[in-house]
Amino acid sequence: MASEAAPPFIEIRHAGEHAGQEVRVRGWLYNLRESGKLLFPILRDGTGLMQAVLFKKNVPEAVFEQARHLTQESSLEIRGVVRAELRAPGGFELDARDLTVYDAVPAEHPYPITPKEHGIEFLMEHRHLWLRSQRQVAILRIRHQVIRAVREFFDNDGFILADAPILTPAACEGTSTLFEVEYFGDKAYLTQSGQLYAEATAMALGKTYCFGPTFRAEKSKTRRHLTEFWMVEPEVAFAQLDDVMHLAERLVAHVVTSVLAHCRSDLAALERNTAPLENVALPFPRITYDEAVERIRAAGGTMEYGTDLGGGDETILAQQFDRPVMVHRYPAKVKAFYMQPDAERPDLALCVDMLAPEGYGEVIGGSQRIHDLELLRARIREQNLPEEAFGWYLDLRRFGTVPHGGFGMGIERVVAWLCGIEHVRETIPFPRTIYRLFP
Ligand code: 4AD
Ligand code: MG
């Protein structure tokens, strides 16, 4: 006779749908408590935590003995009956009947990350394991939702995804932060931004976006800078600065709403106070660079007119608003070569930076682009950029040029803000910074 079919494997997040049923749960040992004839292993499987109860008399003797000695992060499977238990994490526990060990972590060489406090260097060095901790899982789940919401927003609004190359012949955002690579005897650079290519696809598709990794050889050691980060960059034919700002605020509002709707338990795991996020409703305030400088000075900041805002200036300014603020029309000379000058004040660029609240700094940078061939050519020369490398980019101004614009949103900065965490290094699975290329 065929033996009874083994009960199904379930994901912990679905435990509540199986109350009263016999199931199997597999994962890693998160914690183990012993109390007389009872063992309380807590399993994690990436979708949640679940406590099992092993009653000595309910499981084979050898199984109970083996389970008693299990160490953190050993992989295993538990068979048992799901039952509601308000005091257990997740609200359900597993009344265990059997336990099978896949890989027991040896006690003499234990898992290096324990519930005690570790220094950040140690954790970064063990990033491949640190990712398993509840806080890191919550952050990565929120990152996933941010990216989903971004794609959903553009896809539902008629934007076509058209990705830009990563190996490029020239700079987009200034030559001081280029990573150079040897390219069959020539020089190539890792892309700093897909924008120039998105301008080409916008002329083909109307509304387009690219979304990929971008690279900056940033010498800065701030909590907001990575050398490799992910950026989503919409680009829209016929868009002017006001359209760019409107698109930016709609995108950010959508992302925040979506994370609040889908990530409550992850935000709670991070002890994120969600009140400031609930405020993020349209429209976002818009102020000019001139007004920003006045406000920063009035609040005790010392920035000089004509320079870019520093991280500290951004924080002073953002503190004055209960939602992201958009600062537009910076002095052209502190901004990128491709930005359209303001017709009324040509010393200003038609650009915008969106600053997140609570001191999270610039999350979006964008602009209207120069669409005039001669003006663009002059800017490329003034900045000593190699004109040959930009021949194709100038072509966009030779064949049916139109005003257009777009922006880039840095995913890690947005995730850091929404999670309420100090440093962007925890918002990407394997961060790359000036000091870190490992693991
Ligand atoms: O302001 P940035 O440099 O703008 C551009 O690259 C434009 N070409 C985008 C466009 O118009 N299509 O960068 C855009 C955003 C910043 O606001 C910030 O969120 C993020 O990218 N960012 C970084 N994030 C992490 N580490 C860094 N080193 C970053 N540099 C920029
Ligand atoms: Mg910027």
Side-chain angles (χ1 to χ4, degrees), residues 143 146 150 154 159 162-164 168 170-179 189-202 207-236 239 241 243-245 247-248 251-252 255 289 308-311 313-314 318 324-328 330 334-340 349-356 360-370 393 404-418 423-428 431-434 436:
R143 177 187 174 98
V146 165
V150 162
F154 288 119
F159 281 74
D163 283 320
T168 63
C172 176
E173 295 297 323
T175 49
S176 63
T177 60
L178 280 175
F179 277 113
Y189 307 97
L190 298 183
T191 186
Q192 297 170 308
S193 155
Q195 178 200 318
L196 307 186
Y197 296 95
E199 289 182 51
T201 57
K207 295 198 290 186
T208 182
Y209 69 106
C210 60
F211 192 0
T214 48
F215 305 86
R216 308 268 169 105
E218 295 272 9
K219 302 266 162 41
S220 28
K221 314 166 206 167
T222 80
R223 62 194 185 89
R224 296 171 183 169
H225 288 93
L226 296 166
T227 54
E228 178 178 322
F229 61 97
W230 284 67
M231 182 157 47
V232 61
E233 298 181 85
E235 191 70 27
V236 181
L241 181 61
D243 306 308
V244 171
M245 291 199 273
L247 184 66
L251 169 66
V252 169
V255 170
Y289 169 86
D308 205 351
L309 303 195
D313 304 319
E314 289 177 353
V325 54
M326 293 192 282
V327 182
H328 57 92
Y330 285 64
V334 301
K335 289 289 180 184
F337 74 95
Y338 51 70
M339 292 181 179
Q340 175 73 17
L350 292 179
C351 66
V352 59
D353 280 0
M354 185 190 290
L355 312 180
Y360 283 92
E362 180 197 327
V363 287
I364 282 181
S367 72
Q368 189 176 321
R369 326 300 190 190
I370 293 177
Y393 186 61
H404 60 285
F407 61 82
M409 182 172 88
I411 295 298
E412 291 74 18
R413 298 239 184 120
V414 171
V415 174
W417 163 42
L418 298 185
H423 201 297
V424 289
R425 68 190 159 206
E426 283 182 74
T427 64
I428 185 166
R432 297 288 172 252
T433 64
I434 174 168
R436 185 156 292 284

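Atoms within a ligand are numbered from 1 in the order they appear, just like the ligands themselves.
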Report yes if [X] has an N/O atom closer than 3.5 Å to an N/O atom of ligand 1; otherwise report no.
X	answer
R369	yes
E218	yes
V363	yes
M409	no
Q192	no

Give the atoms of ligand 1, by number and element, whose distance to some non-hydrogen atom of [X] is under 4.0 Å.
X	result
I364	17 (O)
Y338	7 (C), 8 (N)
R224	25 (C), 26 (N)
G365	1 (O), 9 (C), 10 (C), 11 (O), 17 (O)

Could you tell me whether the side chain of E233 and the main chain of G194 form a donor-acceptor pair under 3.5 Å?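 Looks like yes, one N/O pair under 3.5 Å.
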Which protein heavy atom lies closest to [atom], and at what distance to 0.1 Å?
atom	value
atom 16 (C) of ligand 1	E362 OE2, 3.3 Å
atom 15 (C) of ligand 1	G408 O, 3.7 Å
atom 7 (C) of ligand 1	E173 OE2, 3.3 Å
atom 22 (N) of ligand 1	F229 CE1, 3.3 Å

Taking the six-membered ring for Trp, are F407 and F154 parallel (under 30°), tilted (30 to 60°) or perpendicular (over 60°)? tilted
Describe, in one word, how the ring planes of F215 and F179 are oriented to each other, choosing from parallel (under 30°), tilted (30 to 60°) and perpendicular (over 60°). perpendicular
Does ligand 1 have any atom sitting under 4.0 Å from a heavy atom of [X]?
X	value
M354	no
E228	no
L226	yes

Report whether any nitrogen, oxygen or sulfur of E362 sits less than 2.8 Å from the Mg ion (ligand 2) (N, O or S, backbone or side chain).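 Yes, E362 qualifies, because one of its backbone or side-chain N, O or S atoms lies under 2.8 Å.
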Quick one: pull up [atom1] in [X] and [atom2] in [Y] and give me the separation to the nearest 0.5 Å.
X	Y	atom1	atom2	answer
H404	D243	NE2	CG	13.0 Å
T177	K219	OG1	NZ	9.0 Å
M231	R413	CE	CZ	10.0 Å

May I ask you to decide whether E412 forms a salt bridge with R425, counting only side-chain N to carboxylate O separations under 4.0 Å?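 Salt bridge between E412 and R425, a charged N being under 4.0 Å from a carboxylate O: no.
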One residue to check: Y209. Relative to ligand 1, which of side chain, backbone, both or neither has a non-hydrogen atom less than 4.0 Å away?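 Near ligand 1, Y209 shows nothing, with every heavy atom at 4.0 Å or more.
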What part of D353, side chain, backbone, both or neither, has a heavy atom within less than 4.0 angstrom of ligand 1?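 For D353, no heavy atom sits under 4.0 Å from ligand 1.
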Regarding [X] and [Y], do their side chains bring together a donor and an acceptor under 3.5 Å, going by distance alone?
X	Y	value
T214	R216	no
Q195	Y338	yes
E235	T201	no

Taking the side chain as everything from C-beta on, heavy atoms only, tell me whether V255 gets closer than 4.5 Å to L418.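 Contact flag for V255/L418 side chains = yes.
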Flag the pair I428 / F229 as yes when at least one side-chain heavy-atom distance between them is below 4.5 Å, and no otherwise. no
Between M231, M339, R413, which one has a non-hydrogen atom sitting closest to atom 18 (C) of ligand 1? R413
Nearest to atom 6 (O) of ligand 1 by heavy atom, E233, E235, R216, K335: which?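 Comparing heavy atoms across E233, E235, R216, K335, the nearest one to atom 6 (O) of ligand 1 lies in R216.
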Nearest non-hydrogen partners of R143 and V415, listed with the distance: CA-CG2, 3.8 Å
